[in-house]
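Ligands are counted one by one from 1 in listed order, and the atoms in each one are counted from 1 as well. Just so you know, these numbers use all the heavy atoms, side chains as well, and skip hydrogens, waters and symmetry mates.
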Amino acid sequence: MDTKKIGLNTICTHIGEVKDEQFKGAVSPIYMSSSYEYEDVAVKRYPRYYNTPNQAALGEKIALLEHTEAAMIFGSGMAAISHALMAFLKAGDHIVLQQTLYGGTYNFAVTQFEKYGISYSFTTGWQPEDFANELKENTKVIYIETPSNPLLTITDIEAIAKLAKSKGIVSMIDNTFASPVNQNPVDFGIDIVLHSATKYMGGHSDICAGAVAASKEHIEKIWQASICFGGSLSDQTVWLLERSLKTMGLRVKEQNKNAMVLASMLEKHDAVERVYYPGLASHPDHELAKKQMKGFGGMLSFELLETIDATAFLKALKLIKPSMSLAGVESTMLLPTKTSHSLMSAADRKAQGIKDNLIRFSVGIEEHEDILADINQAITTVTNNQVLA
Ligand SMILES: *Cc1c(COP(=O)(O)O)cnc(C)c1O
């Protein structure tokens, strides 16, 4: 099979499996061994070497999904991110990071880099010139995340990749929110693609994993660091992730569709102040999103009218779960001020446009009519209670 020509769902279903030569079973057997004959392969097989049969096969699938030469699987998104960063940074180096980042990545930067003598700057915005403004002689990595959490801002991937290339800087992107279904950053020149596979790749809120996809050369460098840091994933979970990825295309395309419908409905809703979704024409970066995304994703945020108590609204939901994390087949909502961005000062949140009544919505695969009905009943319940109180 010419793997260069096959489509998304075929890759999801067939590529990167471990053939069951012994029993001819339909799915990959799980190889849990932590000890292999040492003549087996050039680099000895060992779980922490990221090269067990299941790890290697899944790496193939993810590489093909991200249009890269190679990929590695990690124990979490943060393991993938931290191992990749530390592979390319050393004492005396500088890194430019996008202003709004996943909380764990932000926390890693502000609590870890200084200990290793690595300096860092956060951009003041998302425009390419905001990144150019922060560059220094010793900048070695530019790090972006698009669409961002929780306001779904869009960073120009191609412009950032060009900027990095022109200065010989390595570019990295956290592609978690888009998933490989909706965005392939390597096609726009990015060097290293990072994923929390806990999210859309896993998709069922039941595994924690991470992935890095890049050229063979970059993966080799990340591998050298990663065998020291030891953030590999158990083969049982590798197997579960392989199974989850078989339906990633189906799940994410359904989530794209639901999110588009719900974003449009919420935008017209009397109780809603504002909706943030890159698929809406009203989104300031809609044109850019159209250029670099194949679908607009299953994440959106919205602000309820200030007269509606957002916490009470979340409590009144019956179908949609008010829970942390995102990207599962079930719809979930949370208040960034109370969860993902609670460690940020109120002033910083205000500066980034994250209001107290902002709700982050991870759209699931339920029927959109049922999701909307739940939102409506929760709004009615809260407004009635408020009138009575
Ligand atoms: C969840 C998440 C991470 C971290 O992934 P873990 O699997 O929790 O370590 C990184 N980036 C983004 C955008 C995420 O949503």
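Atoms of ligand 1 found under 4.0 Å from any heavy atom of A209 (numbered from 1 in listed order, with element): 7 (O). Residue-ligand proximity, T198 to ligand 1, at heavy-atom distances under 4.0 Å covers atoms 6 (P), 7 (O). Heavy-atom contacts of I81 reach the following atoms of ligand 1: 10 (C) (cutoff under 4.0 Å).
Nearest protein heavy-atom neighbour of atom 8 (O) of ligand 1: Y102 OH, 3.8 Å. When hydrogens are left out, the protein atom nearest atom 5 (O) of ligand 1 is S196 OG, 2.9 Å; that is the closest non-hydrogen contact. Among all non-hydrogen protein atoms, the one lying nearest atom 1 (C) of ligand 1 is K199 NZ, 1.4 Å. The shortest contact between atom 9 (O) of ligand 1 and any protein heavy atom is with M78 N, 2.8 Å. For atom 13 (C) of ligand 1, the closest non-hydrogen atom of the protein is D174 OD2, 3.4 Å.
No N or O atom of E145 sits closer than 3.5 Å to an N or O atom of ligand 1. In terms of N/O distances under 3.5 Å, ligand 1 is not approached by A79. The shortest N or O to N or O distance between G77 and ligand 1 is under 3.5 Å.
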For residues 72-89, please give each side-chain donor-acceptor pair under 3.5 Å, one per line with the distance, not counting sequence neighbours.
residue: S76; atom: OG; partner: M78; partner atom: N; Å: 3.4
residue: S76; atom: OG; partner: A79; partner atom: N; Å: 2.9
residue: S82; atom: OG; partner: M78; partner atom: O; Å: 2.7
residue: S82; atom: OG; partner: A79; partner atom: O; Å: 3.3
residue: H83; atom: ND1; partner: A79; partner atom: O; Å: 2.8
residue: H83; atom: NE2; partner: G231; partner atom: N; Å: 3.1

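Residue F108 forms a ring pair (Phe, Tyr, Trp, His ring centres under 6.0 Å) with just one option from Y116, Y120, Y143, F113, and that option is F113. Across R360, E303, H283, a single residue satisfies side chain to side chain donor-acceptor pair (under 3.5 Å) together with Y276, and that is E303.
For Q352, the side chain to side chain contact (heavy atoms under 4.5 Å, CB included) test picks out Q99, T100, M344, I354, with sequence neighbours left out.
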Exercise for review: Give the C-alpha distance, both sets of side-chain angles, the deciding distance and a yes or no for salt bridge (charged side-chain N to carboxylate O under 4.0 Å, His left out) between E254 and K257.
Suggested key: CA-CA 5 Å; E254 198 61 27; K257 255 196 276 173; 3.4 Å; yes
Exercise for review: Apply salt bridge (charged side-chain N to carboxylate O under 4.0 Å, His left out) to K355 and E273, showing your working.
Suggested key: CA-CA 11 Å; K355 297 189 181 157; E273 184 82 45; over 6 Å; no
Check your understanding: After noting the C-alpha distance and the side-chain angles of E66 and N175, does the key distance pass the side chain to side chain donor-acceptor pair (under 3.5 Å) rule?
Key -> CA-CA 10 Å; E66 277 297 8; N175 204 31; 2.8 Å; yes
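In this structure, Y106 has its ring center closer than 6.0 angstrom to the ring center of F122.
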